[in-house]
Amino acid sequence: MKKLTVLIPTLNRQKALTVTLTSLCFQNWKNFDIVIADQSEHGVCSDDGVAAGSDNGGADGRADECLGAVTRLLRKNGHLVRVLRNHPPRGMAQQRQFLLENSQTPYSLFLDDDLVLEPYVIRNMLRTLEVEGCGFTGCAVIGLSHLRDVRPHQQCIEFWEGRVEPEHVAPGSREWERHYLHNAANLYHVQERLRASPDSPLRYKVAWVGGCVMYDTEKLLDAGGFGFWKELPSEHCGEDVLAQLRVARKYGGCGLLPSGVYHQELRTMVPQRKVNAPEYLGF
């Protein structure tokens, strides 16, 4: 039985999704399946792994072939890959709830469709959850275009010295300021300075983690999952933040250093940010 389902929401990012899936092919820990929730207008890929549309790929269809090829490689290596259409789009919270409802494994990794993962990432996240028994762990994304943009004033970090414990993190609090660590390449600069090793990852305190977050599935469901989507307008942001705040309050959560997750630095697919879920709904 698989321990983990990787859950990927996607919208009109065929090339980026192909890169993300390729990095999943070469993870050190391989006992996982993949569910892709596709909201692209024509569909990026059919469930049999044959590409079924072209959003921003070339006119010759080569991007389609690449996506189909990497999907077939994942399946050859024992990963069940399901591509599910989720239409019409009703906002990211509904998209994440849809994915969560299609995870039948003890752990669920929510992964954005525009990331690149080092081979140790999934292994370290899963081991941390199993040892700590907390609600989630995250590997924050690093923007490598910012390597020369050193921001010492945003590089404060608090490590967990004992077990990860429940925390109440509220917007505007001192703990909320931790989110600056995840800007630009701050995390990369910190892990390089500390010589953080993927063989002995360091657990640190977070406000929230974007892009790559692994949950204990039952704990996420117990905290309500993303079921609050019905209370939000379709255009919103911060749904991942709200879910993490609620899980952290009951079960705790942490970030990992080194992260090993890099952003492809594409334009956001959520441009409307007037409705921020934690502010709009509270927690």
Side-chain angles (χ1 to χ4, degrees), residues 1-10 13 16-37 67 70-83 96 99-100 102-142 144 160 164 182 187-188 191 196-204 206 208-220 240 243-244 247 251-264:
M1 177 181 175
K2 300 290 176 67
K3 281 188 177 182
L4 171 70
T5 305
V6 179
L7 305 172
I8 305 176
T10 195
R13 279 184 170 171
L17 178 62
T18 301
V19 173
T20 301
L21 291 175
T22 300
S23 69
L24 293 180
C25 289
F26 303 102
Q27 290 296 299
N28 293 337
W29 195 85
K30 303 182 182 299
N31 187 21
F32 62 87
D33 290 330
I34 300 169
V35 177
I36 300 168
L67 182 56
V70 74
T71 302
R72 287 188 287 271
L73 177 58
L74 284 161
R75 288 174 170 147
K76 182 193 79 69
N77 290 337
H79 305 287
L80 174 65
V81 182
R82 291 187 291 152
V83 182
R96 293 188 188 278
L99 282 163
L100 180 59
N102 280 281
S103 175
Q104 305 299 321
T105 52
Y107 300 99
S108 298
L109 170 59
F110 280 87
L111 190 67
D112 284 0
D113 64 357
D114 58 346
L115 305 179
V116 183
L117 279 63
E118 297 272 16
Y120 58 79
V121 170
I122 288 181
R123 177 198 67 193
N124 286 358
M125 298 179 83
L126 184 63
R127 286 179 178 175
T128 299
L129 279 184
E130 290 180 326
V131 170
E132 296 295 325
C134 55
F136 72 85
T137 188
C139 288
V141 302
I142 296 168
L144 290 177
W160 286 100
V164 175
H182 295 164
L187 203 62
Y188 180 84
Q191 66 190 36
S197 167
D199 294 326
S200 300
L202 304 173
R203 302 158 301 122
Y204 67 94
V206 299
W208 72 87
V209 182
C212 180
V213 183
M214 186 181 296
Y215 294 90
D216 179 305
T217 305
E218 287 190 5
K219 290 180 172 62
L220 175 57
D240 51 344
Q244 287 176 54
V247 172
Y251 299 107
C254 68
L256 290 183
L257 206 67
S259 162
V261 180
Y262 308 98
H263 206 290
Q264 296 181 39

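Residue numbers count from 1 along this sequence. Note that these values count all heavy atoms, side chains included, but never hydrogens, waters or copies made by symmetry. Keep in mind that this is a model prediction, so the values were computed, not measured.
- At least one donor-acceptor pair closer than 3.5 Å links the side chain of Thr217 to the backbone N or O of Thr105.
- Closest non-hydrogen pair, Leu73 versus Cys25, comes out as CD2-SG, 3.8 Å.
- Rounding to the nearest 0.5 angstrom, the gap separating the CZ atom in Arg82 from the CG atom in Asn102 is 5.0 Å.
- Using a distance-only test at 3.5 Å, with no hydrogens or angles considered, no donor-acceptor pair links the side chain of Gln244 to the main chain of Trp208.
- Counting only distance, with no hydrogens or angles, the side chain of Gln27 and the backbone of Glu118 share a donor-acceptor pair below 3.5 Å.
- Listed by chain and residue number, nothing satisfies the side-chain hydrogen bond (donor to acceptor under 3.5 Å, both in side chains) test with Tyr188 (two or more places apart in sequence, or in another chain).
- No donor-acceptor pair closer than 3.5 Å links the side chain of Ser103 to the backbone N or O of Leu100.
- Lys3 contributes atom NZ, which lies 3.5 Å from atom CD of Glu130 (distance to the nearest 0.5 angstrom).
- To the nearest 0.5 angstrom, Leu7 atom CG is 7.5 Å from Leu109 atom CG.
- Using cut-offs of 30° and 60° on the angle between ring planes, the pair Tyr215 and Phe136 is tilted.
- Partner of Tyr107 under the side chain to side chain contact (heavy atoms under 4.5 Å, CB included) criterion, out of Leu126, Thr137, Val6: Leu126 alone.
- The OG1 atom of Thr20 sits 9.0 Å away from atom CZ of Arg13, with the distance rounded to the nearest 0.5 Å.
- Interatomic distance, CG of Leu21 versus CG of Leu74, reported as 6.0 Å (0.5 Å rounding).
- Here the closest heavy-atom approach between residue Arg96 and residue Asp240 is recorded as NE-CB, 4.2 Å.
- Taking each heavy atom of Gly252 and Val164 in turn, the nearest pair found is C-CG1, 4.0 Å.
- With sequence neighbours excluded, no residue forms a side-chain hydrogen bond (donor to acceptor under 3.5 Å, both in side chains) with Tyr120.
- No donor-acceptor pair under 3.5 Å is formed between the side chain of Ser108 and the backbone N or O of Thr5.
- Considering only heavy atoms from C-beta on, Val35 stays 4.5 Å or farther from Asp33 through its side chain.
- Between the NZ atom in Lys219 and the SG atom in Cys134 there is a gap of 8.0 Å [rounded to 0.5 Å].
- Of the residues Asp112, Asp114, Asp113, the one that meets the side-chain hydrogen bond (donor to acceptor under 3.5 Å, both in side chains) test with Thr10 is Asp113.
- Annotation for Leu202 and Ala196: closest pair CD1-CB, 4.3 Å, computed over non-hydrogen atoms.
- Of the possible donor and acceptor atoms, none in the side chain of Ser259 sits under 3.5 Å from a partner among the backbone N and O of Val141.
- Side-chain atoms of His182 do not come within 3.5 Å of backbone N or O of Val206 as any donor-acceptor pair.
- Scanning all heavy atoms of the two residues, the minimum distance from Cys139 to Val261 falls at CB-CG2, 3.6 Å.
- Counting only heavy atoms from C-beta outward, the side chains of Leu115 and Ser23 never approach each other to under 4.5 Å.
- Minimum heavy-atom separation, Leu111 to Cys212: CD1-SG, 3.8 Å.
- When side chains are defined from C-beta on, Ile122 counts as touching Leu24, because their heavy atoms get closer than 4.5 Å.
- Asp216 contributes no side-chain N or O that, together with a main-chain N or O of Leu129, makes up a donor-acceptor pair within less than 3.5 Å.
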- Task: Kindly indicate, with the supporting measurements, whether the criterion side-chain contact (heavy atoms from CB on, under 4.5 Å) is fulfilled by Phe32 and Lys2.
- Result: CA-CA 6 Å; Phe32 62 87; Lys2 300 290 176 67; 5.8 Å; no

